[in-house]
Peer 1: 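Let me begin by handing over the structure; questions about it come next.
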Amino acid sequence: QVQLVESGGGLVQPGGSLRLSCAASGATYRMSWYRQAPGKERELVAAITSVGGSTNYADSVKGRFTISRDNAKNTVYLQMNSLKPEDTAVYYCNAMALTLRGTTDYWGQGTQVTVSS
């Protein structure tokens with residue numbers, strides 16, 4: 001029942017910045033960002049838990065990307081700095097919700113991020 005609404009993608013020059021936002025309509029345990037570039041598997045970019053705010057990052061984005069969460073708004077953000085052409089991909093918001101049977105994953109529609117001069 002969780003719905004995700006993404007925004008913030010676009011075209012940016014190398015070295016530039018973008019901020020992605022993802023608003024969830026229901027309670028979530030963990031929210032994260034994945035990305036998928038042409039010819040590559042979808043990979044986890046960053047994740048953050050609702051309780052405690054523990055974060056994880058892909059090695060390729062450490063030091064450049066920052067994930068944060070506003071629990072009151074049930075929104076997760078991905079601040080992307082020092083963008084590189086290899087960051088070009090479709091970025092997907094993911095939300096993990098806890099259920100009596102375990103966990104359920106929900107996905108956003110994806111937003112294109114293109115880093116090019």
Side-chain angles (χ1 to χ4, degrees):
Q1 198 74 349
V2 174
Q3 293 183 340
L4 305 175
V5 180
E6 302 177 12
S7 63
L11 174 65
V12 65
Q13 295 182 354
S17 299
L18 284 174
R19 189 178 76 159
L20 306 182
S21 299
C22 177
S25 63
T28 61
Y29 167 73
R30 187 192 77 157
M31 296 188 72
S32 60
W33 291 96
Y34 287 74
R35 68 184 182 187
Q36 187 167 24
K40 295 184 178 180
E41 296 182 354
R42 185 174 298 186
E43 64 173 344
L44 176 66
V45 177
I48 186 169
T49 59
S50 178
V51 178
S54 298
T55 59
N56 290 294
Y57 296 93
D59 289 341
S60 60
V61 306
K62 287 181 179 178
R64 299 188 298 119
F65 291 10
T66 302
I67 188 170
S68 61
R69 181 169 183 166
D70 185 337
N71 286 341
K73 298 180 179 179
N74 217 18
T75 299
V76 67
Y77 305 93
L78 184 67
Q79 179 66 46
M80 303 184 294
N81 298 326
S82 301
L83 283 163
K84 305 174 181 179
E86 49 263 44
D87 295 318
T88 296
V90 177
Y91 284 70
Y92 297 91
C93 180
N94 169 270
M96 177 183 294
L98 298 180
T99 70
L100 292 175
R101 297 188 297 170
T103 61
T104 301
D105 284 315
Y106 298 88
W107 293 92
Q109 79 282 0
T111 184
Q112 177 70 48
V113 172
T114 301
V115 184
S116 176
S117 60

Peer 1: Would you name the heavy atoms of Y92 and G110 that are closest together and state the gap between them?
Peer 2: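 That would be CD2-CA, 3.5 Å.
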Peer 1: Are L20 and L4 connected in the hydrophobic side-chain network, where two residues link if heavy atoms are under 4.5 Å apart?
Peer 2: yes
Peer 1: Under the side-chain hydrogen bond (donor to acceptor under 3.5 Å, both in side chains) criterion, do N94 and S32 qualify, and how do the steps go?
Peer 2: CA-CA 5 Å; N94 169 270; S32 60; 3.2 Å; yes
Peer 1: Under a 4.0 Å N-O cut-off, is there an ion pair linking K84 with D87?
Peer 2: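 Salt bridge flag = no for D87 with K84.
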Peer 1: Report whether V45 and V113 are members of the same hydrophobic cluster (ILVMFWY, side-chain heavy atoms less than 4.5 Å apart, transitive linking).
Peer 2: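 Yes, V45 connects to V113 through the hydrophobic network.
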Peer 1: Determine the minimum heavy-atom distance between A97 and A27, stating which atoms define it.
Peer 2: CB-O, 3.8 Å
Peer 1: Could you tell me which non-hydrogen atom of S82 sits nearest to which non-hydrogen atom of R64, and how far apart they are?
Peer 2: O-NH1, 3.0 Å
Peer 1: Quick one, Q112 and T88 - any side-chain contact, counting heavy atoms below 4.5 Å?
Peer 2: yes
Peer 1: Which heavy atom of T28 sits nearest a heavy atom of A95, and at what distance?
Peer 2: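 For T28 versus A95, the nearest heavy atoms are CG2-CB, 3.6 Å.
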Peer 1: Has the side chain of T49 got a donor or acceptor atom that lies under 3.5 Å from a matching backbone atom of S54?
Peer 2: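 Yes; at least one donor-acceptor contact below 3.5 Å.
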Peer 1: So R35 and S60, do their side chains get closer than 4.5 Å, heavy atoms only?
Peer 2: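 Side-chain contact under 4.5 Å: yes.
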Peer 1: So, do L83 and F65 sit near enough that their side-chain heavy atoms are less than 4.5 Å apart?
Peer 2: yes
Peer 1: Within a radius of less than 6.0 Å around CD of E43, do more than 12 heavy atoms belonging to other residues, nucleotides or ligands occur?
Peer 2: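 Atom CD in E43 is packed in, count exceeds 12.
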Peer 1: Check whether any side-chain N or O of N56 sits under 3.5 Å from a backbone N or O of A47 as a donor-acceptor pair, and report yes or no.
Peer 2: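 It does not hold such a pair.
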Peer 1: Please answer whether the main-chain N or O of I67 pairs with a side-chain N or O of Y57 as donor and acceptor at a distance below 3.5 Å.
Peer 2: yes
Peer 1: Hey, any chance W107 and V2 share a hydrophobic cluster, counting ILVMFWY side chains that come within less than 4.5 Å of each other, even indirectly?
Peer 2: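 No, it is not one cluster - the side chains of W107 and V2 are not joined through contacts under 4.5 Å.
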Peer 1: Is the number of heavy atoms from other residues, nucleotides or ligands under 6.0 Å of E41 CD greater than 12?
Peer 2: no
Peer 1: For the atom pair CE (M31) and OH (Y106), what is the distance rounded to the nearest 0.5 Å?
Peer 2: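 Between atom CE of M31 and atom OH of Y106 there are 12.5 Å.
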Peer 1: Does a side-chain heavy-atom distance below 4.5 Å link V76 with W33?
Peer 2: yes
Peer 1: Could you measure the distance from the CE atom of M96 to the CG atom of D105? Nearest 0.5 Å is fine.
Peer 2: 4.5 Å
Peer 1: Roughly how far, to the nearest 0.5 Å, is the CD atom of Q13 from the CG atom of L11?
Peer 2: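 Answer for the CG-CD pair, L11 versus Q13, is 8.0 Å.
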Peer 1: At what distance, to the nearest 0.5 angstrom, does OG1 of T66 lie from CZ of R19?
Peer 2: 11.5 Å
Peer 1: Are V61 and M80 connected in the hydrophobic side-chain network, where two residues link if heavy atoms are under 4.5 Å apart?
Peer 2: yes
Peer 1: Rounded to the nearest 0.5 Å, how far does CZ of R69 lie from OG of S50?
Peer 2: 4.0 Å
Peer 1: Count I, L, V, M, F, W, Y as connected when their side-chain heavy atoms are under 4.5 Å apart, and connections chain through other members. Are L78 and I48 then in the same cluster?
Peer 2: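 Linked within one cluster.
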